[in-house]
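Labels below follow one simple rule: chain letters A, B, ... track the order of the sequence lines, proteins then strands, and each chain is numbered from 1. Computed from a predicted model, the values in this text were never measured in an experiment.
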Amino acid sequence: DAKTTQPPSMDCAEGRAANLPCNHSTISGNEYVYWYRQIHSQGPQYIIHGLKNNETNEMASLIITEDRKSSTLILPHATLRDTAVYYCIVRVMNYGGSQGNLIFGKGTKLSVKP
Amino acid sequence: SAVISQKPSRDICQRGTSLTIQCQVDSQVTMMFWYRQQPGQSLTLIATANQGSEATYESGFVIDKFPISRPNLTFSTLTVSNLSPEDSSIYLCSARTRDRGKGGLEAFFGQGTRLTVV
């Protein structure tokens with residue numbers, strides 16, 4: 001079973017920041033927080049991941065609370081093309097074993113509106 | 001990053017037949033996986049495709065129904081056997097690589113194969 005809880009849907013105005021929350025209250029010390037998104041009719045796309053520090057890349061920022069029980073994915077200037085289902089996943093860092101497999105929950109359907 | 005190509009992108013098959021889906025990665029990867037996404041649902045892991053040995057199946061999936069091959073580091077096939085309408089889904093191939101130095105693992109996905117069983 002997925003170890004995360006996300007709201008089923010969110011709306012965001014185009015050009016505004018989209019803040020997608022994720023609860024992972026049972027996260028273990030060796031588990032990372034990963035975010036993927038799936039645009040309609042495409043395969044999932046990696047966005048960002050982190051362990052305990054906040055992370056930023058060209059796509060998004062990831063804010064992880066100090067107790068690591070929740071996180072927020074931030075799309076700073078959402079566009080219509082960011083409309084997708086966003087998945088928050090916790091996983092261990094294990095190159096060769098099944099513990100590192102991606103287990104998808106239901107995700108958050110983000111709708112960016114003009 | 002890795003680019004994953006899946007063939008076919010879609011197919012319509014008769015019940016009782018089988019469909020084989022091919023997955024080609026453009027670089028050597030450590031692990032390859034097959035997922036199923038039923039209409040309106042999230043992704044469910046079917047199995048890990050192991051190079052040169054039998055695949056590792058998740059609970060609820062068996063080799064007789066979903067035989068998998070991985071003859072080398074960049075290629076895998078998934079066969080969905082004895083098709084029924086309940087097998088109508090999107091099937092996705094995924095590959096895992098080492099990332100660019102942050103100690104993480106990135107997984108890449110193909111565009112999926114949309115299977116309709118009639």
Between CG on residue B/L45 and CG on residue A/L102, distance to nearest 0.5 Å:
8.5 Å
Quick check on the hydrophobic clustering: are B/Y35 and B/I63 connected, directly or via other members, by side-chain heavy-atom contacts under 4.5 Å?
no
Same apolar cluster (I L V M F W Y, side chains within < 4.5 Å links), A/L110/A/I74
no
If Ile, Leu, Val, Met, Phe, Trp and Tyr residues are connected whenever their side-chain heavy atoms lie under 4.5 Å apart, and connections chain through other members, are B/F61 and B/M31 in the same group?
no
Among the clusters formed by ILVMFWY side chains lying less than 4.5 Å apart, do A/I63 and A/L73 turn up in the same one?
no
Given heavy-atom pairs under 4.5 angstrom as the criterion, report whether the side chain, backbone, both or neither of B/Q6 touches chain A.
neither
For B/S42 and A/F104 the tightest heavy-atom approach is OG-CB, 3.2 Å
Is there a path of hydrophobic side-chain contacts, each under 4.5 Å between heavy atoms of I, L, V, M, F, W or Y residues, that connects B/I21 with B/I4?
no
B/L43, part contacting chain A, at a heavy-atom distance under 4.5 Å
both
B/L92 to A/P44 - nearest heavy-atom pair and separation
CD2-CD, 3.9 Å
Nearest non-hydrogen partners of B/R114 and A/S41, listed with the distance:
NH2-OG, 4.1 Å
